[in-house]
*Asks:* 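The structure under discussion is supplied below as structure tokens; questions concerning it will follow.
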Amino acid sequence: MPKAPAIDQQKLLDLQAVDIRLAQLAHRRATVPEQAELDSLLAERRRVGDVLVAARTLVSDGERAVAKAEADVAQVRDRAARNTARLNAGSGSAKDLQGLQHELESLVRRQGVLEEAELEAMEKLEQAQFAAAELATTDGELAEQAEDVTRRRDAVLAEVADEERAALARREAIASGIEPALVQLYEKTRAPRGGVGAALLRSRRCEGCRLELNASDIAALRAAAADDVVFCEECGRILVRTGESGL
């Protein structure tokens, strides 16, 4: 049976308390609510970003379409203006002037069609620009929200880190005051038991598994020396005996 001074065994309870707190802090760090909120915001921002890229592509396409429509209309207007000037000058034969008149009439009709196409292209561009502007606003709002959540998350993590550093310093101080062999036994015992390697025996009940010891176990504990390191028969944790143990 392993042996260690009773006072060292009782110090295991302080060490265990610190280890439990460290486990709680690790869980808190891994489950910070702000992180889940931030992940959701970033996912939504990626979705909006993809749609925004598509919307801006439509704006670029629309701008090219409007530019082409404007160029087409300008070309027809210039041709019509030249024909009008020649007709007004009356230069050329009657046949030539008649041909210019027919072409001018055709250009006027063509200009009307092109102007309708230009108007349609401008309307589509305006719609695309409006949609892109709304998406850009939404993206900006999501970015601001993400920055705020990031600040809050970082504040929580900094608080956890500070407490962890303090707990680790306390753990080192406690462990340094316990026989190394007992600390090693404690570490070996707690590893497969959810991080709990030592438990107080209070009123004949193991505080580790919360089960009351039977009469034969109590008798064995009574017979054990104060420096004997004893274990709970149910959960296998180191049982720390104090004046509360009821022995």
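Just so you know, these numbers use all the heavy atoms, side chains as well, and skip hydrogens, waters and symmetry mates.
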*Asks:* Which heavy atom in V240 sits nearest to a heavy atom in A198, and how many Å separate them?
*Replies:*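 Scanning both residues completely, I find the closest heavy atoms to be CG2-CB, 4.4 Å.
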*Asks:* Are side-chain heavy atoms of H102 and E105 found at a separation under 4.5 Å?
*Replies:*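 SC-SC contact between H102 and E105 confirmed.
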*Asks:* If you measure from CZ on R82 to CD on E103, what distance do you get to the nearest 0.5 Å?
*Replies:*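 Going from CZ on R82 over to CD on E103, the span is 9.0 Å.
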*Asks:* V230, L201: one ILVMFWY side-chain cluster at the under-4.5 Å cut-off?
*Replies:*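 The answer is yes; both residues are in one hydrophobic cluster.
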*Asks:* Please output the side-chain donor-acceptor pairs of residues 25-33 that fall under 3.5 Å, not counting sequence neighbours, one pair per line with the distance.
*Replies:*
unit_1, atom_1, unit_2, atom_2, d
R29, NH1, E164, OE1, 2.9
R29, NH1, E164, OE2, 2.1
T31, OG1, H27, O, 2.6

*Asks:* Keeping D227 on the side-chain end and A4 on the backbone end, is there a donor-acceptor pair under 3.5 Å?
*Replies:*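 No, because the side chain of D227 does not come within donor-acceptor range (under 3.5 Å) of the backbone of A4.
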*Asks:* Quick one: CD on Q9 to CG on L185, what's the gap to the nearest 0.5 Å?
*Replies:*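 Here the interatomic distance stands at 9.5 Å.
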*Asks:* Could you check whether any side-chain heavy atom of L135 comes within less than 4.5 Å of a side-chain heavy atom of F130, counting everything from C-beta outward?
*Replies:*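 Not touching, per the 4.5 Å side-chain cut-off.
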*Asks:* Look at the side chain of R190 and the backbone N and O of G195, then say whether any donor-acceptor pair between them is shorter than 3.5 Å.
*Replies:*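 Side chain of R190 to backbone of G195, a donor-acceptor pair under 3.5 Å: yes, one is there.
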*Asks:* With side chain to side chain donor-acceptor pair (under 3.5 Å) as the rule and sequence neighbours excluded, what pairs involving residues 66-77 come up?
*Replies:*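 Every pair satisfying side chain to side chain donor-acceptor pair (under 3.5 Å) with a residue in residues 66-77: K68-D72, R77-E115.
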*Asks:* For I174 and K11, which heavy atoms make the closest approach, and how far apart are they?
*Replies:*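 Nearest heavy atoms, I174 then K11: CG2-O, 3.8 Å.
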*Asks:* Show me the pairs that pass side chain to side chain donor-acceptor pair (under 3.5 Å) and involve residues 137-149, at least two apart or across chains.
*Replies:*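 Of all non-adjacent pairs touching residues 137-149, those that pass side chain to side chain donor-acceptor pair (under 3.5 Å) are R45-D139, D148-R152.
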*Asks:* Please report the C-alpha distance between Y186 and D8 in whole Å, then the side-chain angles of each, then the deciding distance to 0.1 Å, and finally whether the side-chain hydrogen bond (donor to acceptor under 3.5 Å, both in side chains) criterion is met.
*Replies:* CA-CA 11 Å; Y186 162 77; D8 281 10; over 6 Å; no
*Asks:* What about L239 and V183, same hydrophobic cluster or not, with Ile/Leu/Val/Met/Phe/Trp/Tyr joined at side-chain heavy-atom distances under 4.5 Å?
*Replies:*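 In one cluster: no.
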*Asks:* Can you list every side chain to side chain donor-acceptor pair (under 3.5 Å) pair that touches residues 235-247, not counting sequence neighbours?
*Replies:*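 Checked against side chain to side chain donor-acceptor pair (under 3.5 Å) - neighbours excluded - the pairs reaching residues 235-247 are R202-E244.
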*Asks:* Examine L168 and V18 and state if one hydrophobic cluster contains both, with Ile, Leu, Val, Met, Phe, Trp and Tyr joined whenever side-chain heavy atoms are less than 4.5 Å apart.
*Replies:*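 Linked, L168 and V18 end up in one cluster.
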*Asks:* If I compare all heavy atoms of C235 with all of C209, which pair ends up nearest, and what's the gap?
*Replies:*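 Closest heavy-atom pair between C235 and C209: CB-CB, 3.7 Å.
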*Asks:* Considering only heavy atoms from C-beta outward, does the side chain of V229 approach that of K3 to under 4.5 Å?
*Replies:*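 V229 does not reach K3 side chain to side chain.
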*Asks:* Does E172, at its CD atom, have more than 12 non-hydrogen atoms belonging to other residues, nucleotides or ligands within less than 6.0 Å?
*Replies:*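 No, the 6.0 Å shell around CD holds no more than 12 heavy atoms from other groups.
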*Asks:* Compare all side-chain heavy atoms of R170 with those of R21 and state whether any distance is below 4.5 angstrom.
*Replies:*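 Not in contact.
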*Asks:* If you measure from CG on L119 to CG on L114, what distance do you get to the nearest 0.5 Å?
*Replies:*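 One gets 12.5 Å once the value is rounded to the nearest 0.5 Å.
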*Asks:* Taking all non-hydrogen atoms of both residues, which atom of L13 and which atom of A199 are closest, and how far apart?
*Replies:*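 Taking every non-hydrogen atom into account, CD2-C, 3.9 Å.
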*Asks:* Do R109 and V113 have side chains that get closer than 4.5 Å, going by heavy atoms?
*Replies:*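 Sidechains of V113 and R109: no contact.
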*Asks:* Strictly below 4.0 Å, N to O, side chains only: are E234 and R193 in salt-bridge contact?
*Replies:*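 No salt bridge links E234 with R193.
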*Asks:* How close do A80 and L104 get, heavy atom to heavy atom, and via which atoms?
*Replies:*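 Where A80 meets L104 most closely, the heavy atoms are O-CD1, 3.6 Å.
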*Asks:* Indicate, with yes or no, if V59 and V51 share a hydrophobic cluster defined by side-chain heavy-atom contacts under 4.5 Å among Ile, Leu, Val, Met, Phe, Trp and Tyr.
*Replies:*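 They do not share one cluster, since no chain of ILVMFWY contacts under 4.5 Å joins V51 to V59.
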*Asks:* Side-chain atoms of residues 210-226: list all donor-acceptor pairs with protein atoms under 3.5 Å, sequence neighbours left out, distances to 0.1 Å.
*Replies:*
unit_1, atom_1, unit_2, atom_2, d
R210, NH1, E207, OE1, 2.6
R210, NH1, E207, OE2, 3.1
N214, OD1, S216, N, 3.2
N214, OD1, S216, OG, 2.8
N214, OD1, D217, N, 2.8
N214, ND2, D217, OD2, 3.4
R222, NE, L247, O, 3.1

*Asks:* Go through the steps for Q111 and L107 under the test side-chain contact (heavy atoms from CB on, under 4.5 Å), then give the verdict.
*Replies:* CA-CA 6 Å; Q111 181 177 330; L107 287 172; over 6 Å; no
*Asks:* Take atom CD in E63; do more than 12 heavy atoms of anything else shown fall under 6.0 Å from it?
*Replies:*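 Check passes, neighbour count above 12.
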*Asks:* List the atom of A136, the atom of L52, and the distance in Å for their closest heavy-atom pair.
*Replies:*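 Closest approach of A136 to L52, heavy atoms only: N-CD1, 3.9 Å.
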*Asks:* Please confirm whether the backbone N or O of A36 pairs with a side-chain atom of S40, one donor and one acceptor, at under 3.5 Å?
*Replies:*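 Not at all, since once roles are kept as given, no pair shorter than 3.5 Å links the two residues.
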*Asks:* Going by the rule side-chain hydrogen bond (donor to acceptor under 3.5 Å, both in side chains), which residues pair with D154 if we only count those two or more places apart in sequence or in a different chain?
*Replies:*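 Counting only residues at least two positions away or on another chain, D154 forms no side-chain hydrogen bond (donor to acceptor under 3.5 Å, both in side chains).
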*Asks:* Find the distance between CD (E37) and CG (L42) and round it off to the nearest 0.5 Å.
*Replies:*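 Those atoms lie 10.5 Å apart.
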*Asks:* Just by modelled atom types, is the A43 backbone N or O under 3.5 Å from a matching donor or acceptor in the R47 side chain?
*Replies:*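 No; zero donor-acceptor contacts below 3.5 Å.
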*Asks:* Can you hop from L12 to L22 via hydrophobic side chains spaced under 4.5 Å?
*Replies:*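 Linked, L12 and L22 end up in one cluster.
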*Asks:* Calculate, to the nearest 0.5 Å, the distance between atoms CD1 and CD belonging to I238 and Q16 respectively.
*Replies:*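 Output value for this atom pair is 9.0 Å.
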*Asks:* Rounded to the nearest 0.5 Å, how far apart are CE of M122 and CD of E126?
*Replies:*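 Answer rounded to 0.5 Å: 8.0 Å.
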